[in-house]
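Heavy-atom basis, side chains included; hydrogens, waters and symmetry copies ignored. Just so it is clear, the model here is predicted, and its values are computed rather than measured.
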Amino acid sequence: MTEPTNDSGNVRVRFAPSPTGYLHVGGARTALFNWLFARQQNGTMILRVEDTDAERNKPELVEGILSGLNWLGLNWDEGPFYQSQRTQLYVDAAKKCLANGSAFLCYCPAEKYVGGDHAEDGTEGGQVRRVVRCSCRDGIPSTRGTRPAIRFKVPIGGKTTFYDVVFGDTEFSNDDIEDFMLLRSGQDNEEFGQPMYHLSVVVDDIDMRITHVIRGADHLSNTPKQVLLYRALEAKPPIFAHLPLILGPDRKRLSKRHGATSVSMYRDEGFLPEAFQNFLALLGWAPGGDVEFLRTSDLIQKFKLEGVSRTNGVFDKAKLEWFNTQYLQHLPIEDLLPQVEQELKRSGLWKEEWASGSGREWFSRTVDLLRPRVRLLPDFSTWARAFFSDDFSIDPAAEAKFWKDPKIPDLLAKLAEKLAALPEWNHDAGDHALRALCEAEGVKAGLLINATRVAIVGQAVAPPLFDTMVVLGRDRVVKRLRAAAPAIVAKS
RNA sequence: GGCGCUAUGGUGCAACGGUUAGCACGCGGCCCUUUCAAGGCCGAAAUACGGGUUCGAUUCCCGUUAGCGCUACCA
């Protein structure tokens, strides 16, 4: 995945995370939409790490971002490329702008250009300073003896327009665009310092022949600057598609305050990647119509940039959980098995005999029996532990709920012997045996059914009893029943 | 402050000039029942506000309001 490959399709897209944090939900959705579009168009997906800011960049985070993408099944065809290793390209481009008059050497102190949220110091007569046109752009250095930075020389007057697949034709007045920084001023012996975002993005998108820039709508207002840069570098701008932002329940931009915002947290909680993908795809996009359960292949087939919403959306964890249960319940069993296998390996309950043959069949039947009641993958190791291990404990709440009746120990003991003597072992045989016993003892079948469930799986909640007994096998069931009776007596 | 974007139930989407405004999550109720889920049925719940345009506006235009974004020698 590191070597550039020749592209068969002509669509080329990229996902360009900055390693200043983990892969968050919004980034994952951007990556997903790029990926869906690339795969559908038979195009090329490029991964580019935007690590030009040496101070904020944390190289160790790259690995987490890549593994998050891998977990979601979002693979790439070229890269990862690192901008920190491509500095010369950006410097050359900036100098080209300088040479053709579309950029200038700026000697102003940084504070002069500060605006917006950072404008406390830049206030002038109560007015917040915004667009700055300093004298440097006309070749008159504002300050002597300082090292210059390179700024883009935004045209005076006129408009910059571009087409966005999601937001349509968009235009900005050039007079509203500040002369943005291309290259920082140099430190020590450097001629110039680090390249800035707009420069490196545009240079790379040109160099990598990106055809569609699919990214968060927070970049919509940045786009005219980049369009101006494309022109200055004599390149044709790509097609833009800006995606609405993902917000927390309080309608603020999703952040750590909202709990889990990193995709790795969802992986660790035990969500199925395909369910997560399905959920994410439907946040800001819909195929039209009422279908919601869309597997990866469906998404690839139906995805359309034109169908992307322009409205910011709230991340709704309850809906994500619903998607997960849908996948747990409706996935072809063979697609679910490997995930459960992985979970059992993680928790140390896995046995090699379940890997193939009759063991695999048993494993498949058991998972199939369990899955309507599972919400997250780890439930297989915790709630359903008794299905995979003899080392399990009786849930105190289940005990309190279903072992109250003083007749229970005796009934369980009798049931054990009755089951042990059964000529055959299947659902109906167990059913009949239990009901016959209850009739003879004059108790309701429900009483013993519930008590038996607790005895053999340790839980108040489990699959239907007689199916559970079949899956567990006669030996286990009888053994657990025999153990339960004296245990109850001992406690009371 | 300036510029930009957005506005359908609590949430995610649908309806892209004509529907009793649809679906899903969540919520409430009922059914099923061997626990708990699942499933089935039913219910409460929305076009931000004000003007236009039109025979007719959720849909097109303008304004207001609100939210978000950008406004860094961050990305």
- Message: For the residue pair Arg86(A) and Tyr82(A), would you count it as a cation-pi contact if the rule is NZ or CZ under 6.0 angstrom from the ring centre and within 45 degrees of the ring axis?
- Response: no
Winner on side-chain proximity to His427(A), out of A75(B), U34(B), C73(B), is U34(B)
Ranking A72(B), C36(B), U11(B) by distance to the side chain of Met196(A), first place goes to A72(B)
So CH2 of Trp76(A) and CZ of Phe81(A): to nearest 0.5 Å the spacing works out to 12.0 Å
Just to confirm, is there a sub-4.0 Å distance from OP1 or OP2 of A7(B) to any side-chain nitrogen or oxygen of Arg310(A)?
-> no
Tyr197(A) has its side chain closest, among A75(B), U71(B), C5(B), to A75(B)
With sugar-phosphate meaning primed atoms plus P, OP1 and OP2, does Asn222(A) contact a base, only sugar-phosphate, or nothing at under 4.0 Å between heavy atoms?
base
Taken in chain and number order and not counting sequence neighbours, the residues that satisfy salt bridge (Lys or Arg N to Asp or Glu O under 4.0 Å) with Asp92(A) are none
Here the residues of residues 371-379 of chain A within 4.0 Å heavy-atom distance, strictly under, of RNA chain B are Pro372(A), Arg373(A)
- Message: Need one value for Phe466(A): base, sugar-phosphate or nothing, where a base atom within 4.0 Å counts as base even if backbone is also close, heavy atoms only.
- Response: base
Quick note, Thr311(A) side chain, CB onward, closest among A75(B), U6(B), C73(B) is U6(B)
Anything under 3.5 Å between a protein N or O and an N or O of nucleotides 21-24 of chain B, put it in a table, one pair a line.
residue : atom : partner   : partner atom : Å
C23(B)  : O4'  : Asp290(A) : OD2          : 3.4
A24(B)  : O4'  : Glu292(A) : OE1          : 3.2
A24(B)  : O2'  : Glu292(A) : OE1          : 2.4
A24(B)  : O2'  : Lys319(A) : NZ           : 3.1
A24(B)  : N3   : Lys319(A) : NZ           : 3.1

Residues of residues 435-463 of chain A with a heavy atom under 4.0 Å from any atom of RNA chain B, listed by number, are Arg435(A), Ile449(A), Asn450(A), Arg453(A), Ala460(A), Val461(A), Ala462(A), Pro463(A)
Any stem touching RNA chain B, meaning at least three consecutive Watson-Crick or G-U pairs under 3.5 Å, ordered by first number, would be B:1-7 with B:65-71, B:10-13 with B:22-25, B:27-31 with B:39-43, B:48-52 with B:60-64
Taking atom types as they are modelled, would you say the side chain of Ser221(A) forms a donor-acceptor pair with the base of C3(B) within the 3.5 Å cutoff?
no
Is the base of C74(B) touched by the side chain of Arg56(A) through a donor-acceptor pair closer than 3.5 angstrom? yes
Below 3.5 Å is the cut-off: list the nitrogen or oxygen pairs between protein and nucleotides 64-68 of chain B, distance only.
residue : atom : partner   : partner atom : Å
C68(B)  : OP1  : Lys252(A) : NZ           : 2.3
C68(B)  : O2'  : Asn312(A) : OD1          : 3.1

